[in-house]
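Structure first, commentary second.
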Protein chains: 2
Amino acid sequence: MTLNIQHSFKALADPTRRQILVHLSQQDMTIADITDQFDITRAGIKKHLNILESGKLISVKTRGRERINSLETEGLKTITDWLAYFDQFWDEKLSSLQTAIANNETKTNE
Amino acid sequence: MTLNIQHSFKALADPTRRQILVHLSQQDMTIADITDQFDITRAGIKKHLNILESGKLISVKTRGRERINSLETEGLKTITDWLAYFDQFWDEKLSSLQTAIANNETKTNE
DNA sequence: GCAATAGGATACCTTTTGGTACTATATTAA
DNA sequence: TTAATATAGTACCAAAAGGTATCCTATTGC
């Protein structure tokens with residue numbers, strides 16, 4: 001649904017959130033672990049985590065009093081699926097360009 | 001540079017801007033053409049176009065008093081390159097999962 | 001030249017966003 | 001059971017974002 005794709009794109013629009021994803025790609029982390037990596041309060045980081053979660057870019061599982069955050073592929077898939085549409089356009093543009101070049105090569109006298 | 005990737009992600013974070021890109025994938029358009037497709041004033045659309053341009057997702061060329069907006073691949077490439085890093089993680093996660101499954105199959109007595 | 005057309009720039013308004021401080025809840029360890 | 005730990009939630013604030021109205025500039029056609 002449109003809601004989800006919007007949440008995913010929105011989540012990726014902030015540099016701190018993208019950085020969090022990079023950290024999580026190295027290892028799963030608690031919110032305290034993540035907060036240590038930034039100059040932002042835990043409450044601020046928590047807001048970012050909520051947004052990443054709603055974009056399905058991370059998921060959280062509880063372990064005792066800890067909550068382990070880890071990467072979730074669903075949001076990334078949503079994004080790449082949307083972008084795939086443009087890859088198609090991209091190819092078309094490339095072949096148009098190649099056609100133009102080929103055309104030019106055969107019409108050097110015009 | 002970090003600046004550009006930020007501009008590109010920011011540009012994709014708004015649903016109107018993503019919709020504009022879809023329209024432009026069908027055909028190059030003037031700002032008037034684009035404005036016809038939305039319930040937003042030309043000035044509003046112009047702001048979106050500026051943001052898309054700074055994210056290198058579109059480019060503009062002047063033709064007389066008209067300005068033709070068209071898709072630009074550089075910004076899309078910036079985005080997909082960033083995401084490609086996670087594809088790698090993705091594969092690792094998948095193979096970890098497969099390892100775990102295989103492991104489980106051989107240790108059914110534990 | 002001049003009216004019409006195509007578009008750019010900006011001041012202004014409202015809502016959203018990124019951040020903090022503070023408070024509250026649940027689990028663990030002694 | 002109680003102090004420490006790990007985290008959640010919320011009220012609040014400043015800045016940024018999305019939108020409009022208005023005004024300005026440049027090209028075109030007669």
Side-chain angles (χ1 to χ4, degrees), chain A residues 2-24 27-72 75, chain B residues 2-24 27-72 75:
Chain A
T2 305
L3 230 69
N4 254 325
I5 197 176
Q6 174 56 19
H7 285 165
S8 300
F9 271 111
K10 203 82 180 181
L12 286 178
D14 181 87
T16 300
R17 287 194 291 268
R18 289 197 304 278
Q19 203 54 41
I20 290 174
L21 293 180
V22 171
H23 282 297
L24 289 179
Q27 58 194 305
D28 293 352
M29 298 170 94
T30 65
I31 187 172
D33 294 335
I34 297 168
T35 303
D36 285 346
Q37 304 295 322
F38 295 90
D39 198 24
I40 300 176
T41 60
R42 186 161 28 80
I45 294 289
K46 174 59 180 167
K47 282 195 176 182
H48 284 308
L49 293 178
N50 285 341
I51 292 170
L52 286 167
E53 204 179 347
S54 86
K56 300 223 197 308
L57 289 159
I58 68 170
S59 60
V60 190
K61 58 172 178 287
T62 300
R63 193 172 61 191
R65 65 181 155 184
E66 291 186 332
R67 309 206 61 200
I68 313 297
N69 298 273
S70 49
L71 275 194
E72 167 67 48
Chain B
T2 306
L3 228 70
N4 252 325
I5 197 176
Q6 173 56 18
H7 286 164
S8 299
F9 271 110
K10 203 82 180 182
L12 286 178
D14 181 88
T16 299
R17 288 195 290 267
R18 289 197 304 278
Q19 204 53 43
I20 289 174
L21 292 180
V22 172
H23 281 298
L24 288 180
Q27 57 194 306
D28 294 351
M29 298 170 92
T30 65
I31 188 172
D33 293 336
I34 297 168
T35 303
D36 285 346
Q37 305 293 322
F38 295 89
D39 199 23
I40 301 178
T41 60
R42 184 164 36 82
I45 294 290
K46 174 58 179 168
K47 283 194 176 181
H48 285 308
L49 292 179
N50 285 342
I51 292 169
L52 286 168
E53 205 178 347
S54 86
K56 299 222 195 313
L57 289 159
I58 68 170
S59 60
V60 190
K61 59 171 177 289
T62 301
R63 193 171 63 192
R65 66 183 155 183
E66 290 186 335
R67 310 205 61 201
I68 311 297
N69 299 274
S70 50
L71 275 194
E72 168 67 48

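Below, chains carry the letters A, B, ... as their sequence lines are ordered, and counting in each starts from 1.
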Looking only at C/dG18, D/dG9, C/dG19, the nucleotide nearest the A/I51 side chain is C/dG18

Before giving the answer on side chain to side chain contact (heavy atoms under 4.5 Å, CB included), spell out for B/D33 and B/Q37 the whole-Å C-alpha distance, their side-chain angles and the decisive distance to 0.1 Å. CA-CA 7 Å; B/D33 293 336; B/Q37 305 293 322; over 6 Å; no

Rounded to whole Å, the CD1-P distance (A/I31 to D/dA6) equals 12 Å

Test side-chain contact (heavy atoms from CB on, under 4.5 Å), reference B/I20, set B/I58, B/L57, B/I34, output is B/I34

Rounded to whole Å, CD1 of A/I45 lies from C1' of D/dA6 at a distance of 15 Å

Among the nucleotides D/dA8, C/dG18, C/dG19, whichever has the atom closest to the side chain of A/R67 is D/dA8

To the nearest angstrom, the CG-P distance between B/D36 and C/dA6 comes to 10 Å

Among the nucleotides C/dT20, C/dG18, D/dA8, whichever has the atom closest to the side chain of A/D14 is C/dG18

- Message: Strictly distance-based, threshold 3.5 Å: is any side-chain N or O of B/Q6 a donor or acceptor partner for the main-chain N or O of A/A13?
- Response: yes

Practice problem: Give the C-alpha distance, both sets of side-chain angles, the deciding distance and a yes or no for side chain to side chain contact (heavy atoms under 4.5 Å, CB included) between B/F38 and B/H23. | Solution: CA-CA 11 Å; B/F38 295 89; B/H23 281 298; 3.8 Å; yes

Between CD1 of B/I20 and C1' of D/dG18 the distance, given in whole Å, is 12 Å

All heavy atoms of A/T30 vs all of A/N69, minimum pair found to be C-ND2, 3.8 Å

Verify the contact: side-chain N or O of A/H48 to OP1 or OP2 of C/dT17, cut-off strictly under 4.0 Å; return yes or no. no

Under 4.0 Å between any heavy atoms, over every strand shown, what does B/A43 touch: base, sugar-phosphate, or nothing? Just pick one. base

Please check the phosphate of D/dT7 (OP1 and OP2 only) for any side-chain N or O of A/T30 closer than 4.0 Å.
yes

Quick note, B/K46 side chain, CB onward, closest among D/dT20, C/dA21, C/dG8 is C/dG8

Checklist entry - Would B/Q19 and B/V22 count as a side chain to side chain contact (heavy atoms under 4.5 Å, CB included) if you check the C-alpha gap in whole Å, the side-chain angles of each, and the deciding distance to 0.1 Å? => result CA-CA 5 Å; B/Q19 204 53 43; B/V22 172; 4.3 Å; yes

| query | How would you label the contact of B/R63 with the nucleic acid (heavy atoms, under 4.0 Å): base, sugar-phosphate, or nothing? | reply | nothing

- prompt: Which is true for B/G44 with a 4.0 Å heavy-atom rule: it touches a base, it touches only sugar-phosphate, or it touches nothing?
  reply: base

*asked:* Any side-chain N or O of A/T41 below 4.0 angstrom from OP1/OP2 of C/dG19?
replied: no

5'-most contact on DNA chain D (nearest-nucleotide basis), A/E66 vs A/K47, goes to A/E66

From CG of B/D33 across to P of C/dG7 the rounded distance in Å is 7 Å

### Query
Got A/Q27 and A/M29 here, is their nearest side-chain heavy-atom distance under 4.5 Å?
yes

note: A/R17, atom CZ; C/dG18, atom C1'; distance rounded to Å ~ 8 Å

Taking D/dA8, C/dT17, C/dT20 as options, the one with an atom nearest any side-chain atom of A/K10 is C/dT17

Rounded to whole Å, the CG-P distance (B/L49 to C/dA6) equals 16 Å

| said: Between the base of C/dG7 and the side chain of B/R65, is one N or O donor paired with an acceptor at under 3.5 angstrom? | reply: no

- Task: Answer yes or no: does a side-chain N or O of A/R42 lie under 4.0 Å from OP1 or OP2 of C/dA21?
- Result: no

When rounded to whole Å, the CD1 to P distance for the pair B/I34 and C/dA6 reads 14 Å

- May I ask you to test the B/I31-B/R67 pair for a side-chain heavy-atom distance under 4.5 Å? no

Axis-to-axis angle across the helix from C/dG1-D/dC30 to C/dA30-D/dT1, five pairs each end, nearest 10 degrees, ~ 20°

